[in-house]
Amino acid sequence: MKVEYMLFVAGTLFLLPLSFIYGWLTQFQELVGFLALLLTALLAALIGSFLWVTSRRIDPRPEDDVYGEIGEGAGEQGFFPPHSWWPFAISLAVAIAFLGMAVGVWVFLIGAALSLFALVGWVFEYYRGAHAH
């Protein structure tokens with residue numbers, strides 16, 4: 001994961017000074033561009049630091065080896081959940097909540113309650129039923 005986190009570190013090192021250069025050139029009168037560049041740099045730093053910490057916790061991958069072979073990456077790649085209806089339920093509930101922002105507070109509250117129910121259902125999907133662990 002060395003390549004991944006180095007890309008985000010490079011993005012941070014590019015965007016952080018660029019945000020201050022932009023602010024200086026606009027005499028900090030146009031703060032939206034300055035803040036957008038600054039927050040983008042901080043987001044790149046956040047992702048880069050996450051990837052750096054993760055790269056220290058896991059074994060080196062075949063992708064990280066310059067002389068790595070394709071066959072070294074064969075085998076199980078991780079856990080992928082089977083088909084689930086909960087993402088569909090969450091999307092419908094969030095759509096109702098956003099509709100409530102245009103229609104009225106009561107529709108929003110119904111959508112928020114349904115969203116919370118669907119989110120809890122999705123999180124605890126593997127604690128009961130056919131796929132329980």
Side-chain angles (χ1 to χ4, degrees):
M1 297 185 94
K2 184 176 182 180
V3 173
E4 290 93 343
Y5 81 76
M6 289 304 289
L7 282 173
F8 283 99
V9 167
T12 302
L13 294 177
F14 172 73
L15 288 168
L16 193 61
L18 184 69
S19 65
F20 287 100
I21 292 170
Y22 182 86
W24 179 70
L25 288 175
T26 60
Q27 298 171 353
F28 292 97
Q29 296 297 317
E30 201 276 308
L31 291 177
V32 175
F34 167 71
L35 287 176
L37 288 169
L38 181 65
L39 291 175
T40 305
L42 294 176
L43 181 62
L46 176 73
I47 296 171
S49 63
F50 169 77
L51 290 174
W52 177 70
V53 168
T54 304
S55 72
R56 297 186 67 204
R57 288 184 180 175
I58 64 173
D59 295 331
R61 302 174 307 163
E63 294 89 357
D64 296 331
D65 186 10
V66 177
Y67 301 107
E69 297 290 329
I70 293 175
E72 293 176 20
E76 187 174 327
Q77 298 296 319
F79 173 73
F80 298 96
H83 120 109
S84 173
W85 286 96
W86 288 111
F88 181 67
I90 288 176
S91 65
L92 284 178
V94 170
I96 292 170
F98 277 110
L99 178 67
M101 290 182 189
V103 174
V105 175
W106 64 275
V107 178
F108 174 78
L109 293 175
I110 291 171
L114 290 174
S115 298
L116 184 64
F117 175 75
L119 181 64
V120 169
W122 195 14
V123 167
F124 292 107
E125 179 177 18
Y126 296 106
Y127 288 94
R128 51 188 310 231
H131 305 293
H133 288 140

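All heavy atoms count here, side chains included; hydrogens, waters and symmetry mates do not.
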(request) Count the heavy atoms of every other residue, nucleotide or ligand shown that sit under 6.0 Å from CH2 of Trp86, and state whether that count exceeds 12. (result) yes

(request) Name all pairs fulfilling the side-chain hydrogen bond (donor to acceptor under 3.5 Å, both in side chains) condition that reach into residues 25-54, sequence neighbours left out, sorted by first residue then second. (result) Tyr22-Glu30

(message) Please report the interatomic distance CG(Leu39) to CG(Leu46), rounded to the nearest 0.5 Å.
(response) 11.5 Å

(request) Measure across His83 and Trp85 and return the closest heavy-atom pair with its distance rounded to 0.1 Å. (result) CE1-NE1, 3.3 Å

(request) Could you pull out the closest heavy-atom pair between Pro62 and Glu69, with the gap in Å? (result) CB-O, 4.4 Å

(request) Return the minimal non-hydrogen interatomic distance between Ala97 and Ala112, and the atom names on each side. (result) CB-N, 4.1 Å

(request) Group every Ile, Leu, Val, Met, Phe, Trp and Tyr by side-chain heavy-atom contacts under 4.5 Å, then state whether Val9 and Val53 land in the same group. (result) yes

(message) With a sphere of 6.0 Å drawn around CZ of Phe14, does it hold more than 12 non-hydrogen atoms of other residues, nucleotides or ligands?
(response) no

(request) Nearest 0.5 Å please: distance from the CZ atom of Phe124 over to the CG atom of Leu119. (result) 9.5 Å

(request) Search all heavy atoms of Asp64 against all heavy atoms of Lys2 and return the closest pair with its distance. (result) OD1-N, 3.9 Å

(request) Find out if a path of hydrophobic residues (ILVMFWY) with successive side-chain heavy-atom gaps under 4.5 Å connects Phe117 to Tyr127. (result) yes

(message) Less than 4.5 Å apart, side chain to side chain, heavy atoms only: is that true for Leu38 and Phe20?
(response) yes

(request) Mind listing the closest non-hydrogen atom pair of Pro87 and Trp122 along with its distance? (result) CG-CZ2, 3.6 Å

(message) Holding to ring pair (Phe, Tyr, Trp, His ring centres under 6.0 Å), I want the full list of residues that pass it with Phe50, two or more places apart in sequence or in another chain.
(response) none

(request) Flag yes if more than 12 heavy atoms outside Ile58 fall under 6.0 Å of its CD1 atom; otherwise flag no. (result) yes

(message) Taking transitive links into account, so neighbours of neighbours count too, which hydrophobic residues share a cluster with Val103 at under 4.5 Å side-chain distance?
(response) Ile96, Leu99, Trp106, Val107, Ile110, Leu114

(request) Please answer: with hydrophobic residues joined when any side-chain heavy atoms are less than 4.5 Å apart, are Leu7 and Leu43 in the same cluster? (result) no

(request) Following the transitive rule for hydrophobic clusters with a side-chain heavy-atom cut-off under 4.5 Å over Ile, Leu, Val, Met, Phe, Trp and Tyr, establish whether Phe28 and Leu18 coincide in one cluster. (result) yes

(request) Is it possible for you to say whether Leu92 and Leu116 belong to one hydrophobic cluster, with membership spreading through side-chain heavy-atom contacts below 4.5 Å? (result) no

(message) In the structure I gave you, are the side-chain heavy atoms of Phe98 and Phe108 within less than 4.5 Å of one another anywhere?
(response) no

(message) Measuring from atom CD of Glu63 to atom CD of Glu4, what distance do you get when rounded to the nearest 0.5 angstrom?
(response) 8.0 Å

(request) Measure across Leu16 and Ala41 and return the closest heavy-atom pair with its distance rounded to 0.1 Å. (result) N-CB, 3.7 Å

